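Within every chain, numbering begins at 1; the chains are lettered A, B, ... in the order of the sequence lines, protein sequences first and strands thereafter. If you're wondering where the values come from, they're calculated on a predicted model, not measured in any experiment. All values below were derived from every heavy atom in this structure, side-chain atoms included, with hydrogens, water molecules and symmetry-related copies excluded.
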Amino acid sequence: MAGKLVIVESPAKAKTIGKFLGKEYKVASCFGHIRDLPESGLAINIEKNYEPEYVISDDKKDVVKELKKLAKNADEILLATDEDREGEAISWHLCEVLGIKPSEAKRVTYTEITEKAVKHAVKHPRKLNMDLVNAQQARRVLDRLVGYEISPVLWRKVKPQLSAGRVQSVAVRLIVEREREIRAFQPVASYKIIAHFTVTDPSGKKVTFKAERPVNFKTENEALNFLEEVKDAVFTVSAIEKRPGKRTPAAPFTTSTLQQEASRKLGFPVAKTMLVAQRLYENGHITYMRTDSTTLSDFALEAIEKEVKKRYGKEFYQKRQYATKNENAQEAHEAIRPSYIDQVSIEGDADDQRLYELIWKRTVASQMADAEIEKTVIDISNNKNSEVLRAQAEVVLFEGFLKVYNESVDEESEADEGAEVMIPPVKNGQQLPLKEMVAIERFTKPAPRYTEASLVKKLEELGIGRPSTYAPTISTIQKRNYVVKESREGVERKYKVFTLCDKKITSEIKTEITGAEKHKLFPTDIGLLVTDFLMENFRDIMDYNFTAEVEKEFDEVALGKMKWYKMIDNFYKPFHQVVETTTKEAQRVSGERLLGEDPASGEPVIARMGRYGPMVQIGKSEESSDKKPRFARLKAGQSIETITLQEALDLFKLPRVLGYDDAGKEVKVNIGRFGPYVQVDKTFASIPKDKDPYTITLEDALTLIREKEDINANRVIHNFEKEGIQVLNGRYGPYIKKGNNNYKIPKDKQAEYLTLEDVLMIIGEQGPTNKGGKRFFKRKR
DNA sequence: CAGTGAGCGAGCTTCCGCTTGACTT
């Protein structure tokens, strides 16, 4: 049955468009890129104008087979991939694979997925834009050259298995530099003056409100002097100012802003946001979730107008167009919005519903009126000096979009000490009885550490990365162990408070917790080391403007003003030279730091990067003597750059013998590759996070060992020694193990009653579930 | 799973952007 074949990228989109076009058209999906450079090897022919070698990706073999079949039976093929650089390239790859001459390809694009737009689009195909395709090839080749030439340098000079890339290395640099800023930060103390006044409101009720000195006093002395001066002062209202203001709603969601808001409002990590959004998209609840555009289609605008007027009244409606801020935006999709605005809520689990609700509110609010605000500022003077205290309050006169949605901000503002937002009506010249005044010591704060979402925001501002890669980039830099997401407990800090009450001044020292962090990104030692190395040797690539600059050149290629391989050549020649000289001349780096002398032996104590991570050692291996240095690995949260001599020496308290069990065997505690553990004979038991290997009691350690022995005793269900096959109890229930391969036990069989014949049959029928161990899982990444 | 901190190694590791799977050592 001949017909027309339309190829789009996403299967969910194929379904929607298929409905619009009817039986005459077959709409299929190619699931994104179908070909790419092979994973291993450079696969770029430097001599032949950087000709890339493309292969069909393993996971796309079936897709391509299916598309070929459909193409053979079609009398017309329409390439309807996304309208951006990558989409154009995907269409070109489809041509190459399906045997279509690029000059004869029929390229279809539309900006809005409505029946009218799509039907019009398939009737008016254009030609393939080879300049745009070449800009994509340049992008792809550049990324491969950068990644696959710098990474091996790191293997030789720092540590095997490391990676570098145009996006990830800069992301790590941001975190490294922020951390160094924070470490170097010296808090500066100052004194904040807060006064509380009590007045009687018209109904006769006593109301207390707060006023502050706009600027803090620099020193304790100044603050105390001020309190002394005003001890007997009379306070009066010296000015009242009312200022109208307004607030404007935020633009509809892009991938980046959705990730930020879901993080702030719902506490989602970016990967979770994308997972949930994907589900909402596949179920037809929202538009595409990987987008850099804030544009709403005419269809959506109309629906939102109707919804706002119906739900809130027409004074709440205001039509708005949002220009996309990001210069790099490709705008192949709409903003992220509900597919059907009249659906306020959807079916699904709690996460689905919360994210949908967020998207609904943001979308609707974006087409609503400004909120009108009245800001009141009251100045309070006294008769003892010229200082002015200020009380501020905000009243919302008209809610506007705030009725639906209010965007959050990144930095949690300082905890307000019992602030009274409402100010009772007071008159100019009115005397105000002082209830209490405090001078409280405050400290300046360093720039905040990045969260996953605030890092995405920063990357987007720099034009680095794309909506489809923000979440994967964040997980890559964590997987490579350049960065860890952690919560850390703060430290106690003392601060002074002077209180003026009933004409007496009292002083007090209080403590607060400072520097506590929740789910923030911290660089690891290897992240610090690699960033320093790259900054030293590949400063151009690490420049925050590198991507923006090459993007300009990709644009030149896309406009046909420059040949793509010429552009790459201009970059590669000097770049490769740097790779060569760095490989030849750069020293191996280990971040070695001398901490001091071991008081017991007089040997030097050194912190450095070892083969298995950051470590400290006492003594050096000298060729002349056969004395061996002692080693210990750093604990989580410790860093080569900041560890002190004492902290380093403490690490050598392990391994230690806690005592002996009933049978007189040694109970040992140590920290291994997988964390702290207790050992008796050949039984190892991990020490759970809530216990410390330095302080764990013999009793607790023995309990852990007994529990572990129990598990071990129940581990082996059957052992067919001759055949080298075992039936074992694993983390996910019983399984069969032969050599390094594992096999599932069919659901209708009970592990206990399996005979050797049963087991052999299962092995014969099944492929191993893990394909010989590591490889299988590595590939999935 | 589990000590390590290498001089002689074999062979391997790695990028960024498009898109969704299939189901567990």
Side-chain angles (χ1 to χ4, degrees), chain A residues 8-13 29-37 39-43 57 59-60 62-63 81-82 84-87 89-90 93 136 139-155 159-169 278 281-282 288 290 332 464-470 472-473 476 480 547 590 608-617 621 623 628-633 654-655 668 670-679 682-686 728 730-733 735 737 740-742 744 768-771 773-778 780:
Chain A
V8 300
E9 289 181 39
S10 138
K13 199 165 164 184
S29 153
C30 69
F31 296 82
H33 274 296
I34 51 166
R35 297 202 309 180
D36 191 14
L37 303 171
E39 261 183 55
S40 68
L42 197 62
S57 328
D59 53 338
K60 297 295 163 57
D62 293 343
V63 173
T81 51
D82 295 347
D84 59 9
R85 192 163 69 199
E86 297 295 326
I90 292 173
H93 282 297
Q136 191 277 344
R139 199 281 303 155
R140 182 66 190 93
V141 166
L142 180 120
D143 282 337
R144 170 56 65 101
L145 290 170
V146 168
Y148 273 39
E149 291 217 349
I150 300 184
S151 297
V153 179
L154 294 178
W155 304 341
K159 222 175 116 175
Q161 255 123 16
L162 296 173
S163 67
R166 174 176 58 82
V167 173
Q168 59 169 280
S169 297
Q278 174 89 28
Y281 168 66
E282 283 171 12
Y288 198 58
R290 290 186 275 265
I464 299 171
R466 303 277 317 135
S468 66
T469 60
Y470 295 137
T473 299
T476 298
R480 296 260 172 282
T547 291
S590 69
R608 66 176 174 93
M609 184 58 62
R611 273 220 303 164
Y612 306 104
M615 56 180 265
V616 283
Q617 67 181 68
S621 42
E623 280 174 45
K628 264 201 174 168
R630 294 162 63 204
F631 303 102
R633 70 177 12 243
L654 291 180
K668 266 203 296 199
N670 201 0
I671 296 181
R673 201 143 81 82
F674 303 99
Y677 65 94
V678 192
Q679 179 187 8
K682 289 221 167 123
T683 305
F684 296 84
S686 294
L728 301 171
R731 261 164 71 192
Y732 303 99
Y735 67 99
K737 179 180 169 75
N740 278 330
N741 288 333
N742 299 320
K744 271 200 300 195
T769 50
N770 63 339
K771 305 210 170 129
K774 289 173 185 171
R775 276 205 85 83
F776 180 65
F777 291 99
K778 264 207 170 138
K780 281 182 92 175

Nearest of [options] to any side-chain atom of [X]?
X        : options                : result
A:Tyr288 : B:dT19, B:dT20, B:dT14 : B:dT19
A:Pro11  : B:dT4, B:dC18, B:dT19  : B:dT19
A:Glu86  : B:dG17, B:dC15, B:dT20 : B:dG17
A:Gln161 : B:dC12, B:dT19, B:dG5  : B:dC12
A:Arg480 : B:dC15, B:dG17, B:dT19 : B:dC15
A:Ser10  : B:dT14, B:dT19, B:dC18 : B:dT19
A:Phe631 : B:dC16, B:dG5, B:dC15  : B:dG5

By nearest-nucleotide position on DNA chain B, the 5'-leaning member of A:Arg608 and A:His33 is A:Arg608
More 5' along DNA chain B: A:Lys159 or A:Thr473, using each one's nearest nucleotide? A:Lys159
[Y] side chain reached by [X] side chain, heavy atoms, under 4.5 Å:
X        : Y       : value
A:His93  : A:Asp36 : no
A:Arg140 : A:Glu86 : no
A:Arg466 : A:Arg85 : no

Less than 3.5 Å between a donor and an acceptor, one on the side chain of A:Arg466 and one on the base of B:dC18, is that the case here? no
When you measure only distances, ignoring hydrogens and angles, does the side chain of A:Arg140 come within 3.5 Å of the base of B:dC15 through a donor and an acceptor? yes
Please tell me if [X] has a side-chain N or O lying less than 4.0 Å from either OP1 or OP2 of [N].
X        : N      : answer
A:Tyr148 : B:dC16 : no
A:Arg290 : B:dG17 : no
A:Gln168 : B:dC16 : yes
A:Ser468 : B:dC18 : yes
A:Ser151 : B:dT13 : no

Take the protein atom [atom1] of [X] and the nucleotide atom [atom2] of [N], then report the distance between them rounded to whole Å.
X        : N      : atom1 : atom2 : value
A:Asp82  : B:dC18 : CG    : P     : 9 Å
A:Tyr281 : B:dG21 : OH    : P     : 11 Å
A:Leu37  : B:dC15 : CG    : C1'   : 9 Å

Syn/anti state of B:dG17 by chi, 90° boundary around 0: anti
Would you indicate what A:Arg139 reaches in the nucleic acid, counting non-hydrogen atoms under 4.0 angstrom: base, sugar-phosphate, or nothing? base
Check: A:Val8 main-chain N/O paired with A:Thr81 side-chain donor or acceptor under 3.5 Å: no
Taking only residues two or more places apart in sequence or in another chain, which ones pass ring pair (Phe, Tyr, Trp, His ring centres under 6.0 Å) with A:Tyr281? A:Tyr288
Applying the 5.5 Å / 30° rule, does A:Trp155 stack onto the base of B:dT14? no
